[in-house]
Number of protein chains: 2
Amino acid sequence: MLTETKTETLADPLDDVLGYQLRRAMLVTMTALTDSYEELDLKVSEAIILRFVGANPGCNQSAIGRALGVKRTNMVPIVAGLEARSLLIRPPADGRSNALFLTEAGKELLKHIQSAGDAIEQHFFGDIAPDTRNTLLELCRNVRAKAEGTFGLPGGSVNAITNP
Amino acid sequence: MLTETKTETLADPLDDVLGYQLRRAMLVTMTALTDSYEELDLKVSEAIILRFVGANPGCNQSAIGRALGVKRTNMVPIVAGLEARSLLIRPPADGRSNALFLTEAGKELLKHIQSAGDAIEQHFFGDIAPDTRNTLLELCRNVRAKAEGTFGLPGGSVNAITNP
DNA sequence: TATTGTTATACTCTATAACTATA
DNA sequence: TATAGTTATAGAGTATAACAATA
């Protein structure tokens, strides 16, 4: 006679829902990224913003916010924190906006940010065939393009980036 | 002479980072889902939990929390809210746990939840070829399987589900 | 001893409104 | 009038700690 093993396995009604499964998978990678950047004492949002400043020296924080889908009101404490840690400077560009530049410390940290990001990318997506990878990237572009479609989403709030 | 058009297009250093692009795409679909469920006066978390109860009548809220990656402490107000709205009941299963069941109203609402979810799925992923779709689902499974790999993530907090 | 439900609480990211200064 | 930076504040999701009751 078999001892009854309590199999706590719930039926998953979303098992075949691609949007849901993609989200679950993304949460895994975001958690890994969060943990990895924690060793650099950075949040994911801070790391991403540093990468953007590194790639766009002299841009202002509102432009980065638009690119990332982060409202300019929420950029304030993040950028202020990075400046307070001397990872970037923001001399006035004109009377109302500041030009962001990485400091030497910021540039040095950026290298580690990129290494950590690459490691995560490699770990989770390194075994994907190149053509599958391209298919995926195109899928992502299509999904984001559809955001302005039938569902009439406001462009600004479609795509915030920070929270795991 | 050409008038200089201010082309505010920042270089995107993450343009080719699959993890990042997948996340951006996911945020788009989650925003659409949030907006859609808003018409049913439901949060995404509430809708997902109702789907799980519908698929697993009699289960308790901690089990759902484990399946979704939501801590049982955070299940409390959500389930209590659904009970207060008479969408589910929770008679005691044994002395310490309750068995969750949808009410008739909950079952009726579940139909609309599924329709709304299907519409989002169709809108964003309806044009994907079946074999590509399967590739994607397998990719998701692989990513989640890797969470217990090198990065040694705690199984519990890997995969919360609610927040857009 | 482990599990279930619960309260209280803190932290993060996101959102809106409103203000100031400048283009 | 539109834009950039800012402050204050509210909401939602997630986190830990602690407790009582039960298995």
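When reading the values below, keep in mind they use all heavy atoms of this one structure, side chains included, and skip hydrogens, waters and symmetry mates. Chain A is the first sequence line, chain B the second, and so forth, proteins listed ahead of strands; every chain is numbered from 1.
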For atom CD1 of I49(B) and atom P of dT14(D), their distance in whole Å: 10 Å

Look at R72(B) and dA17(D) and indicate whether a side-chain polar atom (N or O) is within less than 4.0 Å of OP1 or OP2. no

Tell me whether R141(A) is salt-bridged to E138(A), with the criterion being a basic N under 4.0 Å from an acidic carboxylate O. no

Just the rounded figure in Å: distance from P of dG13(D) to CG of L42(B). 12 Å

Counting only side-chain nitrogens and oxygens, does S62(A) get under 4.0 Å of the OP1 or OP2 atom of dG5(D)? yes

Rounded to whole Å, how long is the line connecting atom CZ of R66(B) with atom C1' of dT3(C)? 8 Å

Indicate yes or no for a side-chain donor-acceptor contact from Q61(B) to the backbone of N98(B) under 3.5 Å, with no hydrogens or angles considered. no

Can you tell me the distance, in whole Å, between the CG atom of D35(B) and the P atom of dA15(C)? 11 Å

note: I48(B), atom CD1; dG13(D), atom C1'; distance rounded to Å ~ 13 Å

Spell out, as yes or no, whether a donor-acceptor pair under 3.5 Å connects the side chain of S62(B) to the backbone of R72(B). no

Whole-Å distance between dG11(D) C1' and E46(B) CD? 14 Å

Strand-adjacent residues in residues 90-101 of chain B, judged by heavy atoms under 4.0 Å from DNA chain D: D94(B), G95(B), R96(B)

Using the side-chain heavy atoms of K43(B), tell me which of these nucleotides is nearest: dT6(C), dC13(C), dG13(D). dG13(D)

The nucleotide from dA17(D), dG5(D), dG5(C) with an atom nearest the side chain of T73(B) is dA17(D)

Checking Q21(B) side chain against L14(B) main chain: does a donor-acceptor pair fall under 3.5 Å? yes

With heavy atoms under 4.0 Å as the rule, sort N74(A) into base, sugar-phosphate or nothing. base

Do you see a donor-acceptor pair shorter than 3.5 Å between the side chains of S97(A) and D94(A)? yes

Can you tell me the distance, in whole Å, between the CD atom of E38(A) and the P atom of dC11(C)? 15 Å

Could you tell me how far apart K71(B) (NZ) and dT3(C) (C1') are, to the nearest whole angstrom? 15 Å

Is the shortest side-chain heavy-atom distance between L139(B) and T132(A) below 4.5 Å? no

To the nearest 0.5 Å, atom CG of L27(A) lies from atom CE of M26(B) at 10.5 Å

